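Quick notes on the structure that follows.
Computed from a prediction, not measured in an experiment: that's the story for all the values here. Just so it is clear: chains get the letters A, B, ... in the order the sequence lines come, proteins before strands, and each one is counted from 1.
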Amino acid sequence: MLELENLSVSFGSFMALRSVSMEVRQGELLVLLGANGAGKTTLLKTISGLLRPSGGVITLQGKKISGLSPSQIVRHGISQCAEGRRLFAQMSVYKNLLLGAYTCRKDKKGVEKSLAYVYSLYPILKEKENDPAGSLSGGQQQMVAIGRALMARPGVLLLDEPSMGLAPLVVQQMFDTIEAINREGTTILLAEQNAYTALKIAHRAYVMESGAVVMSGSSQDIAGNEQIRQAYIGA
Amino acid sequence: MTPSINSLRSGKAIYLALGLLALALPYIITSKYLLHVVIMCYMYAIAIYGLNLILGYTGQLSLAHAGFYGIGAYTVGILTLKLHWSFWLALPAACILASLAGILVGLISLRLKSHYFTIFSLCVGLILFLTIEHWDSLTEGVRGLIGVPPPNPIPLPGGGSIVFTDLNAQYYLVLLCLVFTIFVMNRIINSMVGRTFMAIRNSEELASTIGINVFTSKLLSFVISAFFAGLAGALFAGYIRFLGPPMSHPNMTFEFLLMLLIGGQGTLAGPLVGALLVNTVTESLQFMQSYRYVVFGPFLILVVMFFPRGITGGYYSLKNRIRLKKQPRAAHKEAPPVLAADHAKTKSEELRG
Amino acid sequence: MELYFQQLLNGLTLGSIYCLVALGLTLIYGIMHIPNFAHGHLYMVGAYCVLFLCTLYGLNYWMAILISMVILAVIGIIMERLVFHPLRDSPPTNSFIAAVGALLFLEAGATVLWGADYRRMPEVFDKVVNIFGIMATQQRLVVIFSALALMGALYLFMKKTLIGSTIEAMSQDREGAFLVGIDANMVSMMTFGVASALAAAAAGLAGPLFLVFPSMGGLLIIKAFVIIVLGGMGSIPGAVAGAYILGLAESLGATVFPAEYKDLVAFILLVIILSIRPTGLFAKEGR
């Protein structure tokens, strides 16, 4: 569904992504593993149009989308919940979610439905509807961020380290919801350092190091791999 | 073998030739008016060298420049006309006063972030202008100072003296100061201090992390720029011998800015090139006085957009491109280890969307 | 005593005009981070627009203002596209310099086209009314209430409409705005359009009270900057507060100091405040 072919991204003379090729299949939950600086965030940002590739192509269902502006990417059905959440901190939770549906704002009924869906996933957000997004706890902010990304009714949802800085119990709930979202039919590309929990809910995984893909396979294979276990799971 | 030695030699030869031309100019040009224009160009260039230091090399847009120019001019005017000082004492006094003003203004304003600093500097420039315009007892306000005496004659060893009512004498005086200015600028730019300024221009954050005291450096740059503005103003007073408030108005700063940008900010030749070019064109288009900016305004925008390094900068990039074409192509190897500065700068450029 | 109430009314009138200009500037500069130094000259063009629409084309005062707002919105958007958009990735000093270029062009253009003489806009609401014992021309009341109405409209637009919210969203988290599909170009153009329209309205309202001439924008822009620095860059309530404070300070100051020094109030205020608090009075972030 979403294909990356020999994608390269450079900052000046620094190659952040080296000829990365990847495939995200329809309906799957794909995990992108890698330590800090491996290039996961760069990859997701490039898909979302925030960064320009210096080489290679990104295609969505056969159509080239690399080089499009961020707002166009969202309109094509790819939505990202970015690293650090990037919420509109002084705006209410409700407004944040509403702005998430900015690209489909004309369809009022659809927006209502999306909102209802998000509230069903994260009931606490309904309670905190009118509170400024910045006043919520870390875990709740993450819910807003994911919810906001869902409001655009994406075919592909990109999640960049949603578990970062969250307490273990919250992390588990978070991943349960992510799994639920995937089961409803949304294709998910999840970038995570938290390999153990991520691999449990994923179908397939790619492992990145220094801007390149070093391994790929089903989540069981990756989880069972000795090197991966030592490097990322520490078992 | 070493192209650099040849270019150095040819560089020095060009400077020598230009220097000789400048020395001989009064005897080559017969028109007094033309010589006057050149003198004005030199004078403006001195002030613009100051602006070049704070803007072109240190990256701070100061719009108070004409204020210091005015301080220099009026100091000489008041000291020589009203207090009957010798010009040769008034000149250094003017430079010192302008520098002191620079210290005062700099101490307050350079703590501000760049945008605030520019606005603040404009306000300061405006306040200085308004002060000159309204402090009648000191500056004669809108009437201006009329009949400022020229520099006092310098007695020569063999009898006779250099009299500054002579145009040629004025020319050489201003030329001498210009050469001094360029010499000082050259030394500053090629020193550690100059590199510090440029580091700040590139990124204040990075400069501070490598141990540079950003505030002190900015202050030094600012004070030096004020010094040269004051010097130019002082020379103006002794030459034109009539001072009016408009010379210290922010519009004068905009003129300096225009000349600097067209000439090439951040280069050594830029201020002189810009002053010569723009002022000559302006003078020849005298009839277009108030309409000038209809052309110059968009011109400024185009220059800053497409030729941010001005004529001189453009010349250097052209030379560079020709030089690179002549060199054999190096094989494209693995990416070299990244310079933290490079990475950080472009990363933030990216995030600015 | 009456004199002070008179000056109070004048201060509110002046403050209202400053407010509309400062609001536009805080949108462009505080939120979009574009130093449009030529904003005051857009105000000047707006004044001439209203002047000509009223005198040459004999339009009704309100129509003239409305049409001028539209014209200025277009001019503002053109300026954004031609001057500031291409410079968005350059160092901010370049944008500042370009704005100076635009300012010089507008002022010279106005001088060429319309001459440098001071012009008078015909006073429409020149009946004098009596409020609480103060005599005031209707125009002053018109200015104050129109400004309030425009402020209210702006508030509704920015808080209650989704499109208007994109401006604030962009300023709160730029990347977040991109991620929800907000187009930076649209926001830029919209902000410039709104700000320029506000400037035109301010000019139209102020016209009958003050004179119209090509360099009228110069002082105003500096005062507008003073206001947003006082009130905090990007803060709309701050801009409103700062505008009225300055208006009142200038008005009340006029009773104490001679008239020529009235303009100095703004600058001296700026110098004092920034000397004590380099980040401005109500700074949200240390920009």
Side-chain angles (χ1 to χ4, degrees), chain A residues 41 44-45 47-52 68-92 94-108 111 114 132-134 141 144-154 157-160, chain C residues 26-27 30-33 80-81 85-86 88-91 154-191 231-241 280 282-287:
Chain A
T41 301
L44 291 185
K45 278 194 175 168
I47 298 176
S48 279
L50 293 168
L51 293 173
R52 290 195 147 273
L68 291 180
S69 74
S71 54
Q72 285 170 309
I73 302 277
V74 174
R75 279 169 228 272
H76 275 82
I78 300 179
S79 191
Q80 181 177 167
C81 169
E83 191 183 22
R85 290 158 222 147
R86 320 250 57 151
L87 295 178
F88 307 124
Q90 283 109 31
M91 288 190 187
S92 67
Y94 173 69
K95 201 112 180 247
N96 268 274
L97 293 176
L98 207 60
L99 279 170
Y102 181 70
T103 49
C104 6
R105 62 188 181 276
K106 303 267 167 77
D107 176 12
K108 297 251 162 93
V111 172
S114 305
Q141 285 193 26
V144 178
I146 297 180
R148 188 179 71 178
L150 285 173
M151 291 294 292
R153 278 177 290 147
L157 178 65
L158 308 175
L159 296 165
D160 197 348
Chain C
T26 207
L27 284 177
I31 295 185
M32 302 296 304
H33 306 304
E80 192 275 330
R81 287 284 96 185
H85 179 75
R88 67 196 181 283
D89 290 328
S90 309
L154 184 70
Y155 176 80
L156 286 174
F157 174 65
M158 285 190 63
K159 294 280 186 183
K160 301 292 175 189
T161 68
L162 207 58
I163 296 192
S165 308
T166 60
I167 300 178
E168 228 192 311
M170 192 100 164
S171 83
Q172 285 186 20
D173 197 303
R174 204 176 167 83
E175 199 175 284
F178 292 150
L179 289 169
V180 299
I182 294 175
D183 182 356
N185 286 327
M186 283 275 106
V187 177
S188 245
M189 290 196 279
M190 183 168 53
T191 311
M233 300 274 251
S235 159
I236 292 188
V240 175
F282 306 106
K284 286 203 294 196
E285 350 138 25
R287 274 225 189 239

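Heavy-atom distances place the backbone of A/Leu87, and not its side chain, under 4.5 Å from chain C.
Here the side chain of C/Gln172 pairs a donor or acceptor atom with the backbone of A/Gln90 at under 3.5 angstrom.
Between chain C and the options A/Leu98, A/Ile73, A/Asn96, heavy-atom pairs under 4.5 Å are most frequent for A/Leu98.
Note that CG of C/Asp173 and CG of A/Leu99 are 11.5 Å apart. Values are rounded to the nearest 0.5 Å. Taking CZ of A/Arg105 as the start and OG1 of C/Thr161 as the end, the distance is 10.0 Å to the nearest 0.5 Å.
No more than 12 heavy atoms of other residues, nucleotides or ligands lie within 6.0 Å of OH in C/Tyr155, so this atom counts as exposed by the packing criterion.
Between C/Gly181 and A/Ser71 the shortest heavy-atom distance is O-CB, 3.1 Å. Taking each heavy atom of A/Val74 and C/Phe178 in turn, the nearest pair found is CG2-O, 4.2 Å. The minimum heavy-atom distance linking C/Ser165 with A/Lys95 is given by the pair OG-CE, 3.1 Å.
You'll find the side chain of A/Thr103 stays beyond 4.5 Å of the side chain of C/Val180, heavy atoms only.
Taking the side-chain contact (heavy atoms from CB on, under 4.5 Å) definition, one finds that A/Ala82 meets it with A/Gln80, A/Arg86, C/Glu175, C/Leu179, sequence neighbours left out.
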